[in-house]
Amino acid sequence: MTWSQFIPDNEWAAYETAIQVVRKSKVEFLIGGAFGLAVYTGRWRDTKDLDLLILPKDRDAVVKALNDSGFVDYYDQHSYDRGWIYRATRDGFIVDVIWQMANRRADVDEEWFTNAPLIPIRTEKLRVVPAEELLWHKLYVLQRDRCDWPDVWNLLYENGPTLDWERILRRVGNDVQLLEAVLRMYDWICPAGYSELPNWLRDRFAVVQHAPAQSNWEKNVSLLDSRPWFAATPESGKTPGK
């Protein structure tokens with residue numbers, strides 16, 4: 001079974017409605033969040049919401065289209081920062097419309113769309129946030145009550161050697177130390193996976209490479225979370241270093 005088959009039918013019905021509504025508004029959008037991560041890792045995590053990323057100029061048109069079709073603002077149930085996101089809800093599910101990073105680091109721009117792959121998801125063919133921008137976005141989610149770095153490590157495990165690292169470095173800019181930190185931790189978690197990253201990237205950060213045989217990766221992974229969260233765990237049917 002593919003990951004999309006694990007999406008409950010009633011949940012997908014709500015999301016598909018939102019997708020069709022936004023599509024009819026003639027606004028370009030990308031799929032992100034848990035859906036985007038599942039595309040690149042094959043691991044589905046049901047967050048009960050769908051992330052649609054759009055250009056800032058299209059915010060009002062998308063909000064109006066969703067409201068006119070029966071979605072309502074989630075703000076009335078739970079307040080949130082409307083400066084970077086609009087949260088529409090219907091039938092108990094949430095559709096997040098996002099045009100900017102929550103920390104205001106950057107807006108969604110045309111390059112997100114230029115590099116977005118077209119992926120079949122259930123009954124739809126949808127453009128998905130590029131893996132590079134998904135990684136960049138998740139680097140900054142490091143909060144007291146939420147951390148997306150485990151998602152970043154799974155992205156690295158499944159896609160690290162093929163990522164456009166020059167684009168990632170350009171996107172990260174002066175925040176390169178944040179990327180260095182997540183790469184150093186990836187080396188600690190899974191040295192074999194880290195060794196598959198481009199040599200020039202590893203040389204840039206001068207990370208001391210540890211031989212895979214010298215690292216108990218399963219122990220290190222369990223020190224962070226005892227649940228099967230990492231892509232190399234036996235539940236995923238894969239072994240470290242692929």
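- By the 6.0 Å contact criterion, CD on Gln177 is open, its count of non-hydrogen atoms from other residues, nucleotides or ligands being 12 or less.
- Rounding to the nearest 0.5 Å places CG of Asp175 at 12.0 Å from CG of Leu169.
- The heavy-atom pair separating Cys147 from Pro150 by the smallest distance is O-CD, 3.6 Å.
- Under the 4.5 Å side-chain criterion, counting only non-hydrogen atoms from C-beta, Val141 is in contact with Arg146.
- The heavy-atom pair separating Asp151 from Arg45 by the smallest distance is OD1-NH1, 3.0 Å.
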Determine whether Met101 and Trp136 satisfy the following criterion, side-chain contact (heavy atoms from CB on, under 4.5 Å), listing intermediate values before the conclusion. CA-CA 10 Å; Met101 287 187 180; Trp136 177 39; 3.4 Å; yes
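- Taking CH2 from Trp153 and CZ from Phe230, the interatomic distance works out to 9.5 Å, rounded to the nearest 0.5 Å.
- Screening residues 44-64 for ring-ring contact (aromatic ring centres under 6.0 Å, His included) gives Trp3-Trp44, Phe35-Trp44 as the qualifying pairs, with residues at least two apart or on separate chains.
- In this structure, CG in Leu53 is found 10.5 Å from CD in Glu133, a value given to the nearest 0.5 Å.
- Note on Asp68 versus Lys64: salt bridge recorded, some NZ/NE/NH1/NH2 to OD/OE distance being below 4.0 Å.
- Within the 4.5 Å cutoff, no side-chain heavy atoms of Arg87 are placed close to those of His78.
- No side-chain heavy atom of Pro8 sits under 4.5 Å from any side-chain heavy atom of Phe93.
- A continuous path of hydrophobic side-chain contacts links Trp200 to Val176 [ILVMFWY only; heavy atoms under 4.5 Å].
- Salt-bridge formation is detected for the pair Arg171/Glu111: a Lys NZ or Arg NE/NH1/NH2 atom is positioned less than 4.0 Å from an Asp or Glu carboxylate oxygen.
- Not one N or O on the side chain of Arg59 forms a donor-acceptor pair closer than 3.5 Å with the backbone of Trp84.
- Counting all heavy atoms, side chain and backbone alike, Ala34 lies closest to Thr47 at CB-OG1, 3.7 Å.
- In plain terms, the two heavy atoms of Asn154 and Ala231 that are nearest each other are OD1-N, 2.8 Å.
- Residue Asp145 qualifies as enclosed at atom CG: its count of foreign heavy atoms under 6.0 Å is above 12.
- The line from CG of Asp107 to CD1 of Ile54 is 11.0 Å long, rounded to the nearest 0.5 Å.
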Please report the C-alpha distance between Ile19 and Leu50 in whole Å, then the side-chain angles of each, then the deciding distance to 0.1 Å, and finally whether the side-chain contact (heavy atoms from CB on, under 4.5 Å) criterion is met. CA-CA 10 Å; Ile19 288 167; Leu50 171 70; 4.0 Å; yes
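- The side chain to side chain contact (heavy atoms under 4.5 Å, CB included) search around Thr123 returns Trp12, Glu16, not counting sequence neighbours.
- Of the candidates Val129, Leu155, Asn159, Leu135 forms a side-chain contact (heavy atoms from CB on, under 4.5 Å) with just one, namely Leu155.
- Between Val95 and Ala18 the shortest heavy-atom distance is CG2-CB, 3.7 Å.
- For Asn67, the side-chain hydrogen bond (donor to acceptor under 3.5 Å, both in side chains) partners are Tyr86, not counting sequence neighbours.
- Side-chain contact between Trp112 and Asn115: absent, with no pair of heavy atoms (C-beta onward) separated by less than 4.5 Å.
- In terms of the side chain to side chain contact (heavy atoms under 4.5 Å, CB included) criterion, residue partners of Leu178 (sequence neighbours excluded) are, by chain and number, Leu139, Tyr140, Trp149.
- Rounding to the nearest 0.5 angstrom, the gap separating the CG atom in Leu37 from the CD atom in Glu158 is 9.5 Å.
- Put simply, the side chain of Arg90 gets close to the backbone of Ser69: a donor and an acceptor are under 3.5 Å apart.
- Sequence neighbours left out, the pairs with a member in residues 55-77 that pass ring-ring contact (aromatic ring centres under 6.0 Å, His included) are Tyr75-Tyr80.
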Yes or no on side-chain contact (heavy atoms from CB on, under 4.5 Å) for Tyr40 and Leu134, after CA distance, side-chain angles and deciding distance? CA-CA 10 Å; Tyr40 296 111; Leu134 188 62; 4.0 Å; yes
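- Between Asp9 and Arg122 there is a salt bridge, with a side-chain nitrogen of the basic residue lying less than 4.0 Å from a carboxylate oxygen of the acidic one.
- Of all the heavy atoms in Ser25 and Ala65, the pair that sits closest is CB-CB, 4.0 Å.
- Under the 4.5 Å side-chain criterion, counting only non-hydrogen atoms from C-beta, Leu142 is not in contact with Asp148.
- Within the 4.5 Å cutoff, no side-chain heavy atoms of Leu66 are placed close to those of Val72.
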Please step through salt bridge (Lys or Arg N to Asp or Glu O under 4.0 Å) for the pair Arg202 and Asp187, ending with a clear verdict. CA-CA 10 Å; Arg202 290 184 280 119; Asp187 178 39; over 6 Å; no
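- A search for side-chain hydrogen bond (donor to acceptor under 3.5 Å, both in side chains) contacts involving Tyr15 returns Glu11, not counting sequence neighbours.
- Note on Glu166 versus Arg170: no salt bridge recorded, every NZ/NE/NH1/NH2 to OD/OE distance being 4.0 Å or above.
- For the pair Asp58 and Trp99, the minimum side-chain heavy-atom distance is 4.5 Å or more.
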Please report the C-alpha distance between Glu124 and Arg23 in whole Å, then the side-chain angles of each, then the deciding distance to 0.1 Å, and finally whether the salt bridge (Lys or Arg N to Asp or Glu O under 4.0 Å) criterion is met. CA-CA 11 Å; Glu124 299 282 347; Arg23 184 178 284 136; 2.8 Å; yes
Would Ile168 and Leu163 count as a side-chain contact (heavy atoms from CB on, under 4.5 Å) here? Give the steps. CA-CA 8 Å; Ile168 291 173; Leu163 293 173; 4.1 Å; yes
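- Distance check, rounded to the nearest 0.5 Å: OG1 of Thr162 to CG of Leu197 gives 10.0 Å.
- A donor-acceptor contact shorter than 3.5 Å links the side chain of Gln5 to the backbone of Thr2.
- Inter-residue side-chain proximity for Leu55 and Phe113 is flagged as met; some heavy-atom pair is nearer than 4.5 Å.
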